[in-house]
Amino acid sequence: MRIILFGPPGSGKGTQAEEMEKKYQVRKISLGDILRSELANATDLGLKAKTYMEKGELVPDEIINAVVEKALAENEDFILDGYPRNLTQAEYLEEICNKLNQNIDLVIYLDVDEETVIQRLSQRRVCPKCGAPYHLINMPPKNDNLCDNCNIELIQRKDDNPEVIKQRLIVYLKQSEPIINFYKNKNKLIKINATQNKEIVFKSIEKELTNAGLFAA
Ligand code: AMP
């Protein structure tokens with residue numbers, strides 16, 4: 001199964017990728033998580049990405065493409081979360097897949113309105129260790145502000161503040177949205193209403209995977 005999860009920040013890509021990884025035992029490749037972990041370890045890559053991430057800008061393609069190329073060479077099946085994010089990356093992904101003799105099966109577009117995105121991101125908390133996402137109201141942790149998996153204190157992402165959220169949405173509209181047509185033209189795009197709760201969204205994804213013969217319910 002080779003899936004791309006696409007959608008604006010706050011559309012639930014990370015949440016759904018995590019559920020899919022657990023259920024289908026397919027590796028989730030989350031670019032945001034990889035970059036945050038590199039940054040926490042103060043690696044070259046993390047430090048190069050830092051200022052872009054803090055401003056809500058895209059990290060340059062050559063840096064990101066190299067990370068993805070390595071991850072794809074190591075994983076025959078995958079769920080890509082947060083890549084591609086512009087047309088150059090989408091085209092580069094085609095090249096990598098050709099080189100590896102692979103094919104993207106489906107692009108799942110999590111469609112959600114701007115108001116919901118802003119509400120979700122401002123209430124989002126994450127685990128600093130495993131990256132699991134929570135929402136203070138819709139998806140709270142079982143125990144007071146502690147990660148269900150790691151039992152450590154949740155934090156708010158630095159880029160989940162109103163100014164950076166605004167910038168991330170501008171970047172999404174300008175740079176990421178054109179990808180929708182790219183994959184529509186390849187008949188790979190499946191649009192899902194992602195304003196609903198995570199269980200309903202997951203069921204919709206599962207239905208599409210079943211229809212595409214990628215998962216037998
Ligand atoms: P995310 O966790 O997916 O919201 O990503 C957090 C930040 O990481 C983004 O705002 C970008 O700065 C950076 N990032 C993640 N994925 C990409 C990508 N495909 N291309 C460029 N920058 C990215």
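Starting from 1, each residue takes its place in the sequence as its number. Every number for a ligand or one of its atoms is a count from 1 in the order of the listing.
The distance from ligand 1 to the heavy atoms of Leu31 drops below 4.0 Å at these ligand atoms: 16 (N). With ligand atoms numbered from 1 in the order given, ligand 1 contributes 4 (O) to contacts under 4.0 Å with heavy atoms of Arg168.
Within the structure, the side chain to side chain donor-acceptor pair (under 3.5 Å) test picks out no pair touching residues 169-181 (sequence neighbours left out).
Scanning the protein for heavy atoms near atom 20 (N) of ligand 1, the closest one is Gln89 NE2, 2.9 Å. Looking at atom 19 (N) of ligand 1, its nearest protein heavy atom turns out to be Gly82 O, 2.8 Å.
By heavy-atom distance, the residue among Met53, Arg85, Glu57 lying nearest atom 5 (O) of ligand 1 is Arg85. Here atom 23 (C) of ligand 1 lies nearest to Ile64 when heavy atoms of Asp81, Ile64, Asp33 are compared. Comparing Val67, Val59, Asp159 by heavy-atom distance to atom 22 (N) of ligand 1, the nearest is Val59.
Only side-chain heavy atoms of Leu35 come within less than 4.0 Å of ligand 1; its backbone N, CA, C and O stay farther off. Residue contacts with ligand 1, taken as heavy atom pairs separated by less than 4.0 Å, involve Arg36 solely via side-chain atoms from C-beta onward.
One finds a salt bridge joining Glu74 and Lys70 here, because a Lys/Arg side-chain nitrogen approaches an Asp/Glu carboxylate oxygen to under 4.0 Å.
Contact analysis puts Arg157 in contact with ligand 1, with a non-hydrogen atom separation below 4.0 angstrom. Assignment of Lys55 to the shell around ligand 1 is not supported, since no heavy atom sits closer than 4.0 Å.
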Exercise for review: May I have the step-by-step check of side-chain contact (heavy atoms from CB on, under 4.5 Å) for Leu93 and Ile4, ending in yes or no?
Suggested key: CA-CA 11 Å; Leu93 179 59; Ile4 294 173; 3.6 Å; yes
Practice item. Evaluate side-chain contact (heavy atoms from CB on, under 4.5 Å) for Ile64 paired with Leu58, printing each intermediate quantity in order. Key: CA-CA 9 Å; Ile64 294 293; Leu58 294 186; over 6 Å; no
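Using a 4.5 Å heavy-atom cutoff, the side chains of Lys184 and Tyr109 are not in contact.
Closest approach of Pro9 and Val117 over heavy atoms only: O-CG1, 3.1 Å.
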Quick one: side chains of residues 127-137, donor-acceptor pairs under 3.5 Å with protein atoms, not counting sequence neighbours, listed by atom name and distance.
unit_1 : atom_1 : unit_2 : atom_2 : d
Tyr134 : OH     : Asp148 : N      : 2.8
His135 : ND1    : Ile137 : N      : 3.0
His135 : ND1    : Asn138 : N      : 2.8
His135 : NE2    : Gln119 : OE1    : 3.3

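Checking side-chain atoms of Gln16 against main-chain N and O of Lys198 turns up a donor-acceptor pair under 3.5 Å.
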